[in-house]
Structure formats: structure tokens, C-alpha cells
Amino acid sequence: MLDVTPLDERGTAGERDDKLHEECGVFGVWAPGRDVARITYFALRALQHRGQESAGIAVGDGKTVLIRKDLGLVTQVFSDDDLSAMPGKVACGHCRYGTAGAKGWESAQPHLSTIDDIIIALAHNGTLVNFDDLRRELIEMGIPFRSNTDSEVAARLIGYFTQRSHRLRTGIAHTMRMLEGGYAMVLVRENALYAFRDPHGIRPLVLGRLGDDGWVVASETCALDISGATFVREVEPGEIIRISDDGIRSERGCRALSPANCIFEHVYFSRPDSVKDGTSFYLMRHNMGRRLAQETPVDADLVISVPDSGTPAAEGFAQELGIPFGTGLIKNRYVARTFIQPTQELRQMGVRLKLNALPDVVRGKRLVMVDDSIVRGTTSRQIVRMLKAAGAVEVHVRSASPMVMWPCFYGIDTGSQDQLIAASNTLEEIRAHIEADSVGFLSTEGLLACVPGGTDGTCGYCKACFTGEYPVEIPHSFWKERFLPGYEPNNLTPASETSQMSLEEAEKALSQE
Ligand code: SF4
């Protein structure tokens with residue numbers, strides 16, 4: 001979900017955590033006779049790494065939709081009494097990562113709205129790149145907005161087309177033909193669950209079976225595991241799944257386009273115990289570490305990771321080169337993220353709040369420090385300094401992702417291109433900036449060799465943040481201030497193909513149905 005709070009109100013690059021952030025996790029469950037609110041609660045806890053700013057659950061009991069949402073972690077938003085007060089047979093949930101300025105309750109999801117006599121709650125992961133134009137058109141048509149989010153644009157469009165067609169499914173399908181960007185959405189009404197995904201499948205969404213007559217959908221398979229559900233398949237790009245007393249139905253909302261799964265899910269966003277195409281993200285990351293060692297070997301005494309996200313790759317790196325793997329950094333597990341810090345001194349404390357070096361392990365050693373990625377470089381430099389202060393004689397930094405050089409427009413918070421250290425610095429300049437003895441990045445080819453179908457073309461990936469080749473065209477108004485001078489996105493699919501209908505054409509198609 002995108003919030004359009006201006007960047008300068010969100011904090012600058014150095015003030016923010018030195019990682020890319022997923023913007024949301026979504027979950028839905030259809031399970032009459034079961035405690036759907038609690039199932040959703042535990043699933044959201046499994047998806048908490050995808051968003052820590054707000055959490056919400058909406059439950060349909062056959063007659064109405066109850067919702068509770070607030071700012072904070074899942075455990076802070078819901079008490080046992082809250083969950084007991086939400087009986088029903090269908091539910092959806094959402095956890096959101098937001099930036100500093102986007103703290104309004106309105107930004108929390110699911111987004112609740114009414115369409116004539118039905119109530120819908122929409123949970124959205126992703127970003128709609130054409131939402132500004134759509135929002136303007138809808139406002140001109142007299143449709144009011146309560147927030148500044150793209151999720152509300154999707155909800156209003158669904159309402160608009162549902163009112164005209166008198167069928168929610170038709171309303172969703174017509175909306176999908178107009179949306180551009182990456183999205184995975186879960187929607188509940190009083191007596192049904194819907195799940196749908198963008199035509200490129202940029203944002204993830206999986207379907208699972210719960211017992212004999214229950215179903216779940218989720219951003220990742222780790223949420224199926226905690227619900228006791230078994231993986232069935234992915235929700236297909238462009239597909240709408242509807243689950244109700246009539247059973248499960250699948251239909252095409254819009255035509256599928258060339259697949260472009262977000263490859264950063266494999267590098268960092270998804271939990272290591274989640275599975276994609278039969279392989280855990282843990283194993284893929286372990287292999288990325290092995291490949292990184294082949295591409296950027298180094299003579300050292302000990303390999304350490306930046307915990308926890310760098311650990312699988314660090315283990316693979318150590319194994320490949322036959323160097324011992326050890327714990328050189330201890331993570332404080334009770335600090336969710338580095339919050340906005342107004343001064344350099346406090347920013348440094350922010351990293352120390354999360355990580356501390358173990359002098360007994362690193363003293364006198366030539367270290368390789370493996371991280372999942374290096375985005376802005378601010379944290380890397382502080383960790384290198386910390387390790388050297390603890391007695392390390394050399395620190396060689398390795399990134400298990402390729403250089404992040406281009407901003408993401410499909411649901412990931414990268415900021416603008418000038419905030420990405422690899423966009424305007426050579427390898428040697430990056431090394432000097434982070435004060436390491438050497439630095440190395442996995443190649444894009446190397447990354448593709450470690451993910452299912454990455455080299456034989458059986459699975460298509462979005463790799464735009466490494467290559468600048470964007471699967472969905474980004475409107476100029478959306479990107480103009482996000483690139484450094486001289487850089488322009490290379491759009492792989494023109495907007496004329498991704499946006500399969502204008503508002504006017506959708507109206508005409510509806511009147512002919
Ligand atoms: S640009 Fe990068 S982070 Fe964004 S969807 Fe594509 S691969 Fe994922």
C-alpha cells in the first residue's frame with residue numbers, strides 16, 4: 001500500500017533503516033465454525049516481519065463485517081477480548097510497514113467501505129502506480145476520499161463498478177483491468193472471501209487448504225504453517241479467487257502478462273522458512289552465499305553474518321570456502337527497526353540498539369561480514385567500525401544481493417535513487433565509504449542461478465532495482481523526482497498493455513454486459 005506523504009516529511013535516507021522494506025503482509029481465511037479472528041491473528045504474527053506499523057482484522061459473520069485496526073504491532077493492537085468479540089466465518093488481516101510521516105489511523109488496513117447494502121474490507125500489499133490519475137478521475141465524478149492512499153482508490157473503484165454491475169466479482173474484475181502496478185489483495189464481505197493479484201504477479205499471494213472445508217490465502221507460506229493449512233498453489237497473476245458457501249471459484253479478472261515475481265522476496269523480504277516453487281527461501285539464500293563466495297572469494301579467518309537476515313548466505317559463503325562460520329554480532333531481538341533519529345549521535349545509537357559486536361570472537365581476526373544486501377550503506381559502515389573497535393584486524397564486506405541501483409515502485413520502500421549507495425558510486429568508492437577492507441556483491445546472473453526457474457526462464461522475475469528494467473511502465477509524474485539526472489527507467493511493458501481499460505472503456509463494457 002502506498003502512502004503519498006512527501007518524502008521530506010518521512011525522514012531522510014540516513015535517518016532511515018538501511019534496508020529495503022516490504023510495505024505489507026495480507027491474509028484471508030474462510031472457515032465456518034472456526035475462530036477465524038484468532039486464526040488471522042496468529043497468521044499476522046507470522047507475517048509481522050512484513051510490516052510493523054499497524055495491524056488490522058476484519059471478520060464477516062454472514063450479516064455484517066466487524067473490524068478492528070490500529071497503529072502498532074499485532075500483539076499491541078489485539079487483546080484476547082478483542083478477538084473474542086469478533087465471531088464469524090470469514091476474515092482478512094493486514095500488517096503494514098509505513099514510513100515516518102504516514103502515521104494516521106486512516107492508513108491502517110483493512111480498508112472498510114460500503115457499496116449500497118454490502119460492506120467490504122480490503123487488505124492490500126503493493127503499490128498502484130497510476131492511482132493518482134484514477135483518484136483524480138473519481139474525485140471529478142463526485143466520489144469522496146477519506147485518505148491519500150492507493151488502497152482507497154482500489155476500494156472506491158471496486159465500489160463504483162459493483163454499483164453499476166450489481167455484482168462484486170464484476171466490480172473487482174473491472175477494477176483489475178484499470179490498475180497498474182504490483183498488488184496482492186484480499187477482500188472480505190459479510191459472507192465471502194476474495195483474493196486477487198496483479199497481472200504480472202509482482203507481489204506474492206498463496207492459497208492453502210484448512211481442514212476439509214476451510215481455505216486460506218496469504219502473502220507467504222509461513223502464515224499457512226501457523227494456521228495449520230497446507231499449501232495448494234499460488235494465486236495466479238490476474239486471477240480472482242472467490243470462496244463462499246458455494247465453494248471455491250476461480251475466474252480471470254484481467255489477462256495475465258509476462259510473469260515478474262519480485263526477486264527481492266527471495267533475497268530478503270520473505271521469511272526463510274517460507275517456501276516458493278518447492279524450495280525454502282533459506283535454501284535459496286544459502287546457495288546465494290555459496291555463489292557469492294565463488295564470485296568474490298577472500299582469504300579470511302572467520303565468516304560472520306549480519307543477523308538474522310544475512311545468516312543463511314553467510315553459512316553458504318563459509319561452507320563454500322571452507323572458512324569457519326561464527327557469531328560475531330549479537331542482535332537485540334526486541335528492537336523492531338531503527339526509528340527516525342534526528343542526530344548522527346542518536347542514529348549511531350540506533351544501530352547499537354539492534355547490534356553489538358562480540359570482542360571474544362572477532363578480536364585479532366580477518367573477518368568476512370556477509371549481509372543480505374547493502375542499500376544505503378549507512379548501517380554497514382557503523383557495523384564495520386564496531387567490529388574494528390572490537391579488535392577485528394580486517395573486515396571484508398559481502399552482499400548476497402546484487403547492487404541496488406534503481407528505486408522500486410511496486411510496493412517496496414527504497415526512497416529515491418540518490419539514497420542508494422550503488423547508484424552513484426564505484427565499488428572502490430563504496431568500499432571506502434563503508435570503511436571495509438574489501439567489498440563484493442553477488443551478480444544478477446548469480447542471483448538468478450539460485451532462484452527456481454531463474455536461468456531456464458520457467459519463472460519470470462522483476463529485477464528492476466538491480467537493472468532498471470521495469471515490468472510495469474511508471475507514469476512520468478510518479479517517477480520524475482525519484483531518479484538521478486541522466487537516469488530513466490527502461491519500461492519493459494508499455495502502460496497501454498498493463499492498463500487493460502480506461503474508466504470510460506470500463507463504463508462502456510459494463511453497459512454492454
Ligand atoms: S523493483 Fe526490486 S524490490 Fe521492487 S518489485 Fe522489483 S525486484 Fe522487487
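Both ligands and their constituent atoms are indexed starting at 1 by order of listing. All of these numbers come straight from a predicted model, not from anything done at the bench.
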May I ask you to list the atoms of ligand 1 that are less than 4.0 angstrom from any heavy atom of Cys262?
-> 3 (S), 5 (S), 7 (S), 8 (Fe)
Quick one: side-chain hydrogen bond (donor to acceptor under 3.5 Å, both in side chains) partners of Ser399, sequence neighbours excluded?
-> none
Which bit of Arg203 gets closer than 4.0 Å to ligand 1, counting heavy atoms only: side chain, backbone, both or neither?
-> side chain
Among side-chain atoms of Glu220 and His49, is any donor-acceptor pair under 3.5 angstrom?
-> yes
Using a strict cut-off of less than 4.0 Å between a Lys/Arg side-chain nitrogen and an Asp/Glu carboxylate oxygen, indicate whether Glu265 and Arg50 qualify as a salt bridge.
-> yes
Arg135/Glu152 ion pair, N-O < 4.0 Å = no
Residue Cys462 vicinity, atoms of ligand 1 by number, heavy atom under 4.0 Å = 1 (S), 5 (S), 6 (Fe), 7 (S)
Ile263 heavy atoms within 4.0 Å reach ligand 1 at atoms 7 (S)
Assign the ring pair Phe483 / Tyr470 to parallel, tilted or perpendicular, where the plane angle (0 to 90°) is split at 30° and 60°.
-> perpendicular
In terms of atom number and element, which parts of ligand 1 are under 4.0 angstrom from non-hydrogen atoms of Cys465?
-> 1 (S), 2 (Fe), 3 (S), 7 (S)
Sub-4.0 Å atoms of ligand 1 with respect to non-hydrogen atoms of Ala464 = 1 (S)
